[in-house]
Number of protein chains: 2
Amino acid sequence: MGRRATTRRIGIADVALKAGVSHATVSRVMNGNFTVDPAIAERVKAAATELNYQPNPVGRSLALGKTDTIGIVVPDLSNPTFQAILRGLSMAAAQDGYRVLIADSSEVSSEEAILAGEARRRCDGLVLCAPRMSDAELEELAPSLHPMVLINRSTMDTKAPSLMVDYGQGIQELAEHLVGLGHTQLAFLAGPERSASNGLRLQGLDKFKAAHPEIDLRMLDAGSSFEAGHESVDSVLASGATGVMAFNDLVAMGLLSGLHERGVRVPEDISVTGFDDIPFSRYTTPTLSTAAVPINELGQQAWHRMRDLIRNVSPDAGNEGPTIFLPRLEVRGSTGPVRAERRAG
Amino acid sequence: MGRRATTRRIGIADVALKAGVSHATVSRVMNGNFTVDPAIAERVKAAATELNYQPNPVGRSLALGKTDTIGIVVPDLSNPTFQAILRGLSMAAAQDGYRVLIADSSEVSSEEAILAGEARRRCDGLVLCAPRMSDAELEELAPSLHPMVLINRSTMDTKAPSLMVDYGQGIQELAEHLVGLGHTQLAFLAGPERSASNGLRLQGLDKFKAAHPEIDLRMLDAGSSFEAGHESVDSVLASGATGVMAFNDLVAMGLLSGLHERGVRVPEDISVTGFDDIPFSRYTTPTLSTAAVPINELGQQAWHRMRDLIRNVSPDAGNEGPTIFLPRLEVRGSTGPVRAERRAG
DNA sequence: GAATAGTGAGAAAGCGTTTTCTCACCGCGT
DNA sequence: ACGCGGTGAGAAAACGCTTTCTCACTATTC
């Protein structure tokens with residue numbers, strides 16, 4: 001039973017009454033069905049505007065079996081990367097008249113499945129952004145979430161498109177860049193253990209090590225935040241590295257800040273790289289060399305894949321397998337040639 | 001008529017059938033109604049879990065007249081301030097089992113009314129964040145949007161709580177801070193004209209001028225972005241100001257970056273302040289003196305007001321008028337005493 | 001002029017729930 | 001033994017829409 005303690009909101013029945021037609025006809029008129037006599041249609045429209053009638057979306061959703069809404073679940077809404085994806089997704093979806101419902105799992109992987117399920121039931125589709133859950137769990141969940149698109153994660157379920165960034169390739173390019181500048185002692189500030197993208201970076205660095213046995217590459221634990229970078233100053237200095245690759249731009253900026261406090265000059269004494277190319281990285285002092293991830297495009301692509309999924313069941317032919325985005329090396333002020341005395345040393 | 005071309009999703013009827021009861025009873029069990037025989041309840045629960053039944057939220061919403069969802073419309077999702085508000089709102093709402101639907105007006109004020117209306121109809125309430133629309137339009141729209149809470153804007157409609165930041169007070173404190181350091185030539189990099197918060201800053205500076213007729217305060221047009229700050233370097237240098245207040249932290253960071261490129265030292269040659277205290281402001285070089293806006297609290301408060309509105313019609317007694325948040329002066333590295341020769345000159 | 005096709009609108013079913021209404025049944029008291 | 005309050009579950013209405021089904025009425029054709 002409906003509530004309606006207060007003054008009922010104005011519904012299709014009111015319009016029908018005022019226009020002297022059945023509510024079926026009102027519905028037809030509102031949906032631009034042309035089997036209605038123009039004169040009557042006019043009368044209905046007049047009544048509708050006069051009563052300021054707006055169809056109730058919940059009723060419509062129930063009848064139509066769709067909500068014109070998609071959900072997105074992210075691990076942490078305070079992360080600029082996820083914010084950017086959300087934004088790209090939201091803007092692109094809005095173009096097609098869709099809204100987005102957000103769910104933040106706060107990095108609690110056990111919450112993800114529940115949030116995802118709930119969001120999915122309320123929406124026409126779901127974007128799962130860098131889920132922290134295990135592969136097994138993801139695999140099990142995937143079918144029940146369809147239509148779904150994955151970001152930075154993939155699944156056997158071929159019905160779920162997946163958008164991935166090749167972090168492994170990106171980190172290798174950064175490493176090569178540093179080597180090209182003469183650095184032989186490198187360090188990597190690693191991100192969260194559960195992060196799949198951190199795993200990809202590590203794999204990339206393994207390849208790099210294999211290709212450059214002469215380079216000394218240390219792995220240092222950090223995290224994904226400013227603070228993590230800031231707190232890593234000591235371990236970085238202790239490592240003796242002259243080229244430091246941070247997990248992402250945030251970590252790099254924290255490190256930059258910490259090094260500045262210690263009076264260590266960048267890039268004269270130490271070169272630093274980030275990852276992601278968040279907007280702020282152009283404005284640090286010095287500006288940050290990084291691997292640019294086409295993040296806006298990612299959100300937009302996520303919507304396009306989703307749209308294909310919703311509209312028909314046939315994605316653009318040959319859409320098997322994940323779409324891979326290649327990071328682009330962005331050389332700025334935080335990397336430079338290794339100092340002569342150090343190179344000599 | 002419902003679609004169901006594909007395999008029907010499992011509904012309450014299926015559970016009823018399997019448990020050999022009516023769907024009314026299933027509903028009762030699912031909602032913890034204790035007027036059901038424990039034995040039957042057990043049977044129903046078993047059937048539900050076996051079929052992996054999850055109630056359809058759309059059907060529920062229609063029957064219950066509520067969606068457990070609130071909407072937020074923001075002018076620009078790429079603005080860190082709005083991102084932070086969204087986050088605070090989303091987290092707080094999630095605590096109470098509510099979700100949030102987002103709408104980005106892309107700073108197009110004519111879109112706001114439509115977006116707001118659509119979002120409102122889909123949700124149980126609406127947060128209107130720094131709307132760009134005119135006072136008249138807001139006033140007209142307000143009643144139809146109730147329950148609604150406003151951020152950085154207010155209305156005659158007493159039913160709509162409003163959360164405001166006292167930008168006027170904050171900018172005055174920043175100006176006083178600079179004066180206290182010996183600066184007598186100040187400049188303000190103004191934000192977007194349509195922004196109400198920019199207006200408040202200007203009003204605050206008018207008061208400041210009245211209180212300090214001896215201080216030379218120039219108004220310079222900038223904007224609200226990094227780029228705006230970066231492009232203001234020339235006009236700042238031309239103004240001869242030794243203390244510059246930027247519209248917000250982003251503009252300040254752009255300016256910092258531009259000054260650094262020119263070899264102008266901060267704070268030795270010029271002091272710079274921001275506004276907002278976005279996370280990045282702790283990590284610029286030098287760290288940024290700013291007026292801290294309790295942004296997370298803002299989003300959370302927005303939810304609490306909304307919750308009061310939704311739950312009953314009686315907000316905590318004496319909740320008339322807007323809630324005002326006072327920015328807190330945050331002195332960091334970008335401001336310092338005016339140079340001796342300049343003070344002398 | 002009558003049969004037929006065509007047009008347009010109302011009646012009603014359906015979407016998936018919740019909740020009121022109704023009633024069968026059980027046990028209790030007199 | 002009969003009635004009565006209480007309990008618990010099914011029938012059905014309601015939420016607000018869309019769409020199929022049906023049918024009345026008009027226009028067309030031989």
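Letters A, B, ... mirror the listed sequences (proteins, then strands); counts begin at 1.
Between the P atom of C:dG14 and the NE2 atom of A:His23 lies a distance of 14 Å, rounded to the nearest Å. Distance B:Asn56 CG to C:dG14 P: 18 Å, rounded to the nearest Å. As rounded to whole Å, 5 Å separates atom P of C:dT19 from atom CG of B:Leu64. Distance, A:Arg60 CZ to D:dT18 P: 5 Å, rounded to whole Å. Following rounding to the nearest Å, B:Gln54 (CD) and C:dG16 (P) show an atom-to-atom distance of 15 Å. When rounded to the nearest whole Å, the span between CG of A:Asn33 and P of D:dC17 equals 17 Å. Spacing between atom CD1 of A:Ile12 and atom P of D:dT19 amounts to 11 Å, rounded to whole angstrom units. For B:Asp37 and D:dG6, the CG to P distance is 19 Å, given to the nearest whole Å.
Between D:dC17 and A:Tyr53, a contact under 4.0 Å exists linking OP1 or OP2 to a side-chain N or O. One finds no side-chain N or O of B:Ser22 lying less than 4.0 angstrom from the OP1 or OP2 phosphate oxygen of D:dA11. Residue A:Asn31 places at least one side-chain N or O under 4.0 Å from the OP1 or OP2 atom of D:dT18.
Looking at heavy-atom distances under 4.0 Å, B:Phe34 makes no contact with the nucleic acid at all. Contact annotation for A:Thr25: backbone-only contact, meaning every heavy-atom pair under 4.0 Å involves sugar-phosphate atoms and none involves a base. A:Val21 comes within 4.0 angstrom of the backbone, heavy atoms only, and of no base. Residue A:Val36 is in sugar-phosphate contact alone, with no base atom involved, counting any heavy-atom pair closer than 4.0 Å across all strands shown.
Axis angle, first five pairs versus last five pairs of the helix from C:dG1-D:dC30 to C:dT30-D:dA1: 70°, rounded to 10°.
Among C:dG16, D:dT18, C:dT19, the nucleotide with an atom closest to any side-chain atom of B:Ser27 is C:dT19.
Toward the 5' end of DNA chain C, the nearer of the two residues B:Pro55 and A:Pro38, judged by each one's closest nucleotide, is A:Pro38. Between B:Ala24 and B:Gly59, the one whose closest nucleotide on DNA chain C sits nearer the 5' end is B:Gly59.
Heavy atoms of other residues, nucleotides or ligands lying less than 6.0 angstrom from CD of A:Glu139 number more than 12.
Rounded to the nearest 0.5 angstrom, A:Leu17 CG and A:Ser22 OG are separated by 12.0 Å. Put simply, CG on A:Asn33 and CE on A:Met30 are 13.0 Å apart, with the number rounded to the nearest 0.5 Å. Taken from OG1 in B:Thr155 to CG in B:Asp135, the straight-line distance is 8.5 Å, to the nearest 0.5 Å.
Side-chain atoms of A:Arg28 and base atoms of C:dG8 include no donor and acceptor less than 3.5 Å apart.
A salt bridge is absent between A:Arg194 and A:Glu107: the closest approach of a Lys/Arg side-chain nitrogen to an acidic carboxylate oxygen does not fall below 4.0 angstrom. Under 4.0 Å is where a charged nitrogen must lie from a carboxylate oxygen, and between B:Asp68 and B:Arg60 no such pair does.
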| task | I would like to know whether B:Leu89 and B:Gln300 meet side chain to side chain contact (heavy atoms under 4.5 Å, CB included); could you show each step before the answer? | result | CA-CA 5 Å; B:Leu89 183 76; B:Gln300 181 182 313; over 6 Å; no
| message | If you apply the rule side chain to side chain contact (heavy atoms under 4.5 Å, CB included), what do you find for B:Asn296 with B:Ile85, and how did you get there? | response | CA-CA 6 Å; B:Asn296 289 323; B:Ile85 290 175; over 6 Å; no
